[in-house]
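Heads up: the structure comes next, in structure tokens.
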Amino acid sequence: MNNNELISMLNRDLRDEHAAVVRYLIHSYLEGEDTSLGASLLSRAREEMWHMHWLGKIIARVGGEPDMSVAEYPHDPTNRATIFKSYVDYEKNLIPHYNEEADKVEDSHIERVLRREAWESNMHATKFQRILDKLSPEKAEGLPRRENELSPEFVDRLQEVVAQKYTQMIQHIRDSWVFQKEGMEAWQLMDFSMTQMKQLAHLAEDVAENGMSPKFELGKIEKSTSIGLALEKTVQKLKDSQNRHNQFTKDSEAQKHRGFMLNLDLTLKQEKYEQEEIQDWISKKN
Ligand SMILES: [Fe+2]
Ligand SMILES: [Fe+2]
């Protein structure tokens, strides 16, 4: 297998792992993280994030551009039973898939990662099957649904910031992989992406708490090949995002939701922190 073939093979896997992260996260938020189903799905989503991370790091290390787009996650949305059955099938398919890929690669690290993706997919299939077996008839026939207390306009605006925060986080992850050879700065970008993940979770939970699927819609991902340029763009995007969040603080509907306002305040402080940090790195470079 030549390098280009390796990159496109791993990019396909990356898109699929990304799809699993998004699917399990959305489902977890809809159930509620404080329910046993929600907690279990969140735990799977975190493991899929590692899977994504190992693949993305390898792709960039061998000179590829990680494809940050998301594949489809095929599932039957009729009820919980059909949904979890779809998850079992999806994970089971990945076991031979990853093992066949592992057979084709020469690099021992890449091979080990692919084997691990296979046996962890096996574990996921087993865990989803256990959930399926234990669902009460009522749960099995139902769907996660909750009452909506927000106005449609407010929900639309929330969905917009969910999509923007998601894109920002994915951009940071992409940059941290692509610039991994730069060392510390790439490591810091990954650190920031973790804060953004938390911010995104707060926003997405607010949407899901009101019975809607958070819109994890990816915007444009910049494919900068120099870290200097990537950092300049990051600062600009952090400023845009601060402006959007500042507008929310003045919104009368937002002000009614104390939990939302607390998280918003925290997000604004964190965005300011990140922006100042990155500006410092830029000025030290010049
Ligand atoms: Fe996975
Ligand atoms: Fe999995």
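All values below come from the heavy atoms of this structure, side chains included, with hydrogens, waters and symmetry mates left out. Order of appearance sets the numbers: ligands from 1, and atoms from 1 within every ligand.
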Legend entry - Shell of protein N/O/S atoms around the Fe ion (ligand 2), taken as anything under 2.8 Å: Glu48 OE2, Glu91 OE1, Glu91 OE2, His124 ND1

Inset, instruction - Could you tell me whether Phe84 and Tyr87 have their ring centroids closer than 6.0 angstrom? - result: yes

Inset, instruction - Answer with yes or no after comparing the ring centroid distance for His18 and Phe216 against a 6.0 Å cut-off, counting only values under it. - result: no

Inset, instruction - For Phe248, enumerate each residue passing the ring pair (Phe, Tyr, Trp, His ring centres under 6.0 Å) test, keeping only those at least two apart in sequence or located in another chain. - result: Phe154, Phe260

Legend entry - Pair Arg80 + Glu31: basic N to acidic O under 4.0 Å: yes

Inset, instruction - Could you tell me which residues satisfy ring pair (Phe, Tyr, Trp, His ring centres under 6.0 Å) with Tyr29, sequence neighbours excluded, listed by chain and number? - result: none

Inset, instruction - Identify, with sequence neighbours excluded, every residue that meets salt bridge (charged side-chain N to carboxylate O under 4.0 Å, His left out) alongside Lys85. - result: Asp89

